[in-house]
Number of protein chains: 2
Amino acid sequence: MSWRKEQSRAERGYHHGNLKEALLQAALGLIAEKGAAGFTFADAARMAGVSAAAPYRHFRDRDELLSSIAQRGFEQFEQRLTAAWDDGRPDTVTAFERVGKAYLAFAREEPAFYNAMFESGLPVDANPALQAASERAFNIIRAAAERLAALAPLGTPRPPAMMMALHIWSMAHGVASLFSRGDAARRKLPMSPDELLEAEVLIYLRGLGFPTDRRPPGKGAEPPPVPPEASSGSGVPPGGPWGKPK
Amino acid sequence: MSWRKEQSRAERGYHHGNLKEALLQAALGLIAEKGAAGFTFADAARMAGVSAAAPYRHFRDRDELLSSIAQRGFEQFEQRLTAAWDDGRPDTVTAFERVGKAYLAFAREEPAFYNAMFESGLPVDANPALQAASERAFNIIRAAAERLAALAPLGTPRPPAMMMALHIWSMAHGVASLFSRGDAARRKLPMSPDELLEAEVLIYLRGLGFPTDRRPPGKGAEPPPVPPEASSGSGVPPGGPWGKPK
DNA sequence: CAGCTCATGTGAACGACTTTTACATGAGCC
DNA sequence: GGCTCATGTAAAAGTCGTTCACATGAGCTG
C-alpha cells in the first residue's frame with residue numbers, strides 16, 4: 001500500500017518509481033482529513049517526497065487528480081452496491097434495503113471518495129469517463145428499482161422504475177450528506193443515520209404498496225402479496241425500525 | 001441594490017461607507033458563479049473597489065464572511081419555509097407539500113445561499129449563531145411534521161415527528177443537492193426536480209397512511225379548515241404526479 | 001471652527017499555492 | 001557503452017490570505 005512513501009530523497013533516488021499511485025493515496029488521505037476544498041496539490045507532492053512540480057508529469061492539474069479520485073471512487077462504489085444488491089437475494093425488498101445501507105456505509109467509511117464524488121463541486125459532465133463511471137454506479141440502483149417495480153402490487157399507482165431509483169438515490173444522498181459525515185457540518189441526531197434511512201425507505205416502500213413487516217392490526221385489506229417471494233420478512237426488526245407508535 | 005459598486009476610487013473617496021454590505025453582495029454573486037470553494041476574498045474586495053486588506057476591517061477572515069452569508073441564508077430560508085407552510089392552511093398535507101416545493105425553489109433561486117449553507121463545508125456547530133439560525137429553519141419543517149404526525153391515521157405504525165421531519169429534510173436536500181443546482185454536478189433527468197420531489201413525498205405520505213389520491217371529481221365534502229381535516233385534498237395534479245401505472 | 005480620535009481604508013510584505021519553463025537524471029533499450 | 005525519453009528538479013511568475021504600519025477623514029468635543 002504505502003510503498004515507498006515517506007522515504008528520503010537519498011534512499012529513494014532521483015526517480016520515485018510509483019509517483020502517480022503515491023499521489024493518489026496521499027490525496028485520498030488529505031481529502032479525508034481536510035475535505036476536497038482544503039486539499040492541496042503541493043501537500044500531496046510533499047507527502048510523496050517529491051517537488052511541487054513533479055505531479056504535473058502525471059496529472060494535467062489539480063482538478064485532474066480530483067477527477068481520478070472521483071472516478072476510482074465511483075468504481076468502488078459500484079462494486080459495493082453490486083455486492084449489496086446481490087442480484088436481489090434473498091428477496092427484492094431485503095436486498096434493496098441492503099443497498100441503502102451500503103450507500104451509507106460507503107459514505108461513512110470512504111469519506112474521501114464520497115467527498116470527491118459528490119461534494120467537491122467538480123462538474124461530472126465535463127469528463128466523459130467520470131460521467132460513465134457515475135452512471136454505472138447509478139445503474140445498480142436503477143436495476144434494483146426495476147426489479148422492485150416489477151413486484152409492486154397492482155392496484156397501487158406507481159412511478160416509473162427510473163423515478164423510484166432517483167427517489168432512493170436522493171434519500172440516501174440526503175441522509176449521507178446531511179448526517180452521515182464525520183467531516184464538517186455535523187448535526188446531532190436522536191438516532192443513527194442508518195436507522196433514519198432504513199425507516200425512510202420502509203415508509204416509502206409501504207407507500208408503494210409493499211408489505212413491510214407486520215400488518216396494521218385492524219386493517220383487513222392489506223395489498224395482496226407478490227408472486228413468488230414477497231411474503232417473508234424483508235429484514236425488518238420486530239416492532240419496526242422506529243418502535244411502537246405512541 | 002448595487003449601491004456604489006463599481007465606482008472608481010476618485011469619485012468614491014477614501015471611505016467606502018458601506019463596505020460590509022457591498023462585500024456580502026459581491027461574495028454572494030461570486031459564490032453563485034463559481035461556488036463557495038472558488039470564491040475569493042480578494043475578488044470580493046476588488047469588486048467592491050477596495051484594497052485586498054480592507055475586508056479585514058469587517059470580517060475576521062474569509063470564513064467569517066462565508067459564515068455571515070450562510071447565516072443570512074438560513075434566515076431567508078426560514079422566512080420562505082414559514083410562508084410556504086402558512087400554518088398548515090388550507091390543509092396540512094397541501095401545506096406540507098408546499099414546504100417541499102419552497103425548499104427546492106430556494107435551492108434553485110438562491111444557489112449562493114444554498115451553497116454557503118449546505119455545501120461550503122463550514123462547520124455549522126462551530127458558530128452558535130449560525131447553528132441557531134439553522135435550527136430555527138429546521139424547526140419549521142419539524143413543526144409541520146408534528147402537525148402531520150398528529151393527523152396520521154391510527155392503525156398505521158408511524159415514526160416520531162422528529163424522524164418524519166428529518167426524512168423530509170433529507171429528501172428535499174437530496175433532490176436539491178443532486179439535481180436542482182445549475183451549478184456544478186448537473187445530471188440530466190427525465191423529469192423536473194420538483195416533480196421528482198413531489199412524487200417522492202407523496203409516496204412517503206401514503207406510506208404513513210395518508211390518503212394522497214386526487215379527490216373524486218364530484219368532491220362533495222371539502223375538508224373543513226383545521227381541526228378535523230385529515231381526509232383528502234393534498235393538491236395532487238389530476239392523474240397523479242407520475243401518470244398512470246402501465 | 002479647530003483639534004482630536006478612532007473607525008476605516010491603503011500599500012507593502014510574508015508565506016503558501018498553482019502552474020510553467022528550462023534543465024537534470026537515469027532506466028531501458030540498441 | 002551510449003542514446004533517448006519519461007520522470008524529476010529548481011526557479012520564477014502570478015494569485016491568495018493575512019498582517020502590519022501608516023493614511024484618511026467623519027464626527028465629536030470644546
Side-chain angles (χ1 to χ4, degrees), chain A residues 3-27 29-31 33-69 116 120-122, chain B residues 3-27 29-31 33-69 116 120-123 126:
Chain A
W3 192 74
R4 269 199 187 213
K5 269 200 278 191
E6 316 291 353
Q7 295 195 350
S8 79
R9 167 89 170 285
E11 48 184 321
R12 192 201 73 211
Y14 196 92
H15 289 286
H16 184 289
N18 199 22
L19 186 51
K20 185 161 189 170
E21 192 55 32
L23 287 171
L24 286 167
Q25 292 304 325
L30 289 170
I31 293 174
E33 267 184 68
K34 309 188 291 188
F39 143 75
T40 256
F41 218 26
D43 243 350
R46 206 169 299 128
M47 193 160 302
V50 296
S51 75
Y56 289 85
R57 295 293 175 200
H58 301 277
F59 303 95
R60 198 182 336 83
D61 54 21
R62 185 179 169 285
D63 263 20
E64 196 182 271
L65 209 191
L66 225 52
S67 265
S68 295
I69 289 189
S120 65
L122 59 79
Chain B
W3 190 78
R4 268 196 188 216
K5 269 200 279 192
E6 316 291 353
Q7 295 195 351
S8 80
R9 167 88 171 287
E11 49 182 323
R12 192 201 73 209
Y14 195 92
H15 287 289
H16 184 289
N18 200 22
L19 185 53
K20 185 162 189 170
E21 193 55 34
L23 287 171
L24 285 167
Q25 293 303 324
L30 289 170
I31 294 174
E33 267 185 68
K34 310 186 290 185
F39 143 74
T40 257
F41 218 25
D43 244 349
R46 206 170 298 128
M47 194 160 300
V50 296
S51 75
Y56 289 85
R57 295 293 175 199
H58 300 277
F59 302 95
R60 198 181 336 88
D61 56 21
R62 185 180 171 282
D63 263 19
E64 197 184 87
L65 209 192
L66 224 53
S67 265
S68 295
I69 289 189
S120 65
L122 59 79

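All of these numbers come straight from a predicted model, not from anything done at the bench.
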Exercise for the section: Check every strand shown and say whether Ala53(B) touches a base, only sugar-phosphate, or nothing at a heavy-atom separation below 4.0 Å. Expected result: base

Problem - Length of the line joining Asp43(B):CG and dC16(D):C1', which is rounded to integer Å - result: 10 Å

Practice task
Tell me which nucleotide among dG8(D), dC16(D), dT10(C) gets nearest to the side chain of Ala42(B).
Solution key: dC16(D)

Handout entry: Interatomic distance, Glu64(B) CD vs dT18(D) P [rounded to whole Å]
Key = 11 Å

Practice task
Using atom CZ of Phe39(A) as one end and atom P of dT18(C) as the other, report the distance to the nearest whole Å.
Solution key: 8 Å

Exercise for the section: Could you say whether Thr40(A) or Arg60(A) is positioned toward the 5' end of DNA chain C, judged by the nucleotide with the nearest heavy atom to each? Expected result: Thr40(A)

Exercise for the section: Output the distance between atom CG (Leu23(A)) and atom CZ (Arg57(A)), rounded to the nearest 0.5 Å. Expected result: 13.5 Å

Handout entry: Separation between CG of Leu65(A) and NZ of Lys20(A), rounded to the nearest 0.5 Å
Key = 9.0 Å

Exercise for the section: Measure the distance from CZ on Arg57(B) to C1' on dG11(C) and round it to the nearest whole Å. Expected result: 13 Å

Practice task
Using atom OH of Tyr56(A) as one end and atom P of dT19(C) as the other, report the distance to the nearest whole Å.
Solution key: 4 Å

Handout entry: Between C1' of dT18(C) and CG of Asp63(A), the distance in whole Å
Key = 11 Å

Handout entry: Under 3.5 Å donor-acceptor, Asp61(A) side chain and Glu64(A) backbone
Key = yes

Exercise for the section: Quickly work out the Met47(B) CE to dT15(D) P distance and round it to whole Å. Expected result: 15 Å

Completion exercise
In this structure, CD1 of Ile69(A) is separated from CZ of Phe59(A) (nearest 0.5 Å) by 7.5 Å

Problem - Phosphate OP1/OP2 of dG8(D): any His58(A) side-chain N/O under 4.0 Å - result: yes

Practice task
Report the nucleotide, chosen from dG9(C), dT19(C), dT18(D), that has the shortest atom-to-atom distance to any side-chain atom of Asp61(B).
Solution key: dT18(D)

Exercise for the section: Is it possible for you to check whether Lys34(A) lies under 6.0 Å from the centre of the six-membered ring of Phe39(A), through NZ or CZ, and within 45° of that ring's axis? Expected result: no

Handout entry: Value in whole Å for how far the P atom of dT19(C) lies from CG of Leu65(A)
Key = 11 Å

Exercise for the section: Give a yes/no on whether any side-chain N or O of Arg46(B) is located under 4.0 angstrom from OP1 or OP2 of dC16(D). Expected result: yes

